[in-house]
Amino acid sequence: MLLDNHGRIINYLRLAVTDRCNLRCFYCMPPEGIAWRPKAELMTYEEMLRICSLLVNMGIEKIRITGGEPFVRKDIMQFLTALSQLNGLQQINITTNGVLTAPLIPELKKIGIRSVNLSIDTLDRNRFLAITHRDELPNVLATLGQLLHHDIVVKLNAVVMDGKNIEDIIPLVELTKNLPVSVRFIEEMPFNGEGNHYTNLLWDHIRILNTIQEKYPTIQKIADPPFSTAYNYQIPGHKGTVGIIAAYTRSFCGTCNRIRITPQGVLKTCLYDNGVLNVKDLMRAGDSDVDLQNTLLGAMNKRAKDGFEAEKNRIGHEALHESMATIGG
Ligand code: SAM
Ligand code: SF4
């Protein structure tokens, strides 16, 4: 079992396989002028498999594939197939925007993917275009249909943004009436390539819950699964559930079980740090597996106690402004 210096279990890796994306979500990256990382700076699939295999040997049980948009990277299905064959890895989950995903779902199911997070901030085609700068809502909805059809567990992620999708909160909650999905509302974080969009967080988890409770006064708190980052709720009689993720308020750090690796191989032991080491550079410098494992253990022993400490200790005291596409969410 892998433990950090605060006694927290680390069993979950979020691996961002690319910084590229086919959408331009307002809260994640600017609409144009993005400087993609040169391909040579991104980890190869061989490097990703090596680091995943080492981490699985050390205690990682679950890997989430994210990005950027994972399905824009060439040969991603071959990589997922190879990853699914790693001994000891119990679960592979994926976070996707759903634009290219629908036709791949039967194959994903065959590989053994049982749970997918689908990002969908609105059910309105015009608002989708305004938020993502691309007219792709029909493809995202097709992905939702295919996921349900293939009995894959679905979590729908919606970032809550003042002036952009507040009118979508209730329609998204209403999806839980007939669909067995978990709709999760996420506080907006300043990881958008620019910095804060608002001087204060206008839609925190409390305001989001109050808005839902006004319409659904009978909504009930339900048990949060272990290591959940969401506060979970259910409306009596509904098939699905509602989650609220206090991503900016950071109320879940005490049980944080996750680490992240960016497409460039930067290891982040907290969402709010700006990297503690680069595993790709170490591999390319010729480190052995034992060297790498020792370095990784060292990093786990220096984890910040929470996102506020990690933010304070950012190298160079750099502000929080990097794009979420380079972090993976
Ligand atoms: N492209 C995929 C997608 O959109 O699902 C995977 C990568 S995306 C960076 C992962 C998650 O991060 C998405 O659910 C997205 O909504 C969320 N996200 C991106 N930028 C965010 C921000 N500034 N604040 C909160 N969540 C954000
Ligand atoms: Fe792309 Fe996902 Fe970022 Fe949207 S949130 S721009 S889909 S990486």
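None of these values were measured; they are calculated from a predicted model. Heads up: numbering here begins at 1 and tracks the sequence. Start at 1 and go down the list; that is how both ligands and their atoms are numbered.
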Ignoring hydrogens, just give me the one of [options] whose non-hydrogen atom is nearest [atom].
{"atom": "atom 26 (N) of ligand 1", "options": "V116, D121, V159", "value": "V159"}
{"atom": "atom 5 (S) of ligand 2", "options": "G67, C21, G98, C28", "value": "C28"}
{"atom": "atom 22 (C) of ligand 1", "options": "F71, F26, Y27", "value": "Y27"}
{"atom": "atom 10 (C) of ligand 1", "options": "A158, G328, S119", "value": "G328"}

Which segment of T66 sits under 4.0 Å of ligand 1 when only heavy atoms are counted: side chain
Heavy atoms from other residues, nucleotides or ligands near CZ of R114 exceed 12 (cutoff 6.0 Å): no
Heteroatom test (N, O or S) for C25 near atom 3 (Fe) of ligand 2, limit 2.8 Å: no
T262 vs T326 side-chain heavy atoms within contact, under 4.5 Å: no
Nearest non-hydrogen protein atom, atom 12 (O) of ligand 1: G329 CA, 3.7 Å
Side chain to side chain contact (heavy atoms under 4.5 Å, CB included) partner of F128, chosen from L123, N165, V140, L141: V140
Check: G68 N/O within less than 3.5 Å of ligand 1 N/O: yes
N or O pair under 3.5 Å between T96 and ligand 1: yes
Test item, M29 contacting ligand 2 (heavy atom, 4.0 angstrom): yes
Contact with ligand 2 for S119, non-hydrogen, under 4.0 angstrom: no
R250 to Y248, cation-pi by 6.0 Å centre distance and 45° axis angle: yes
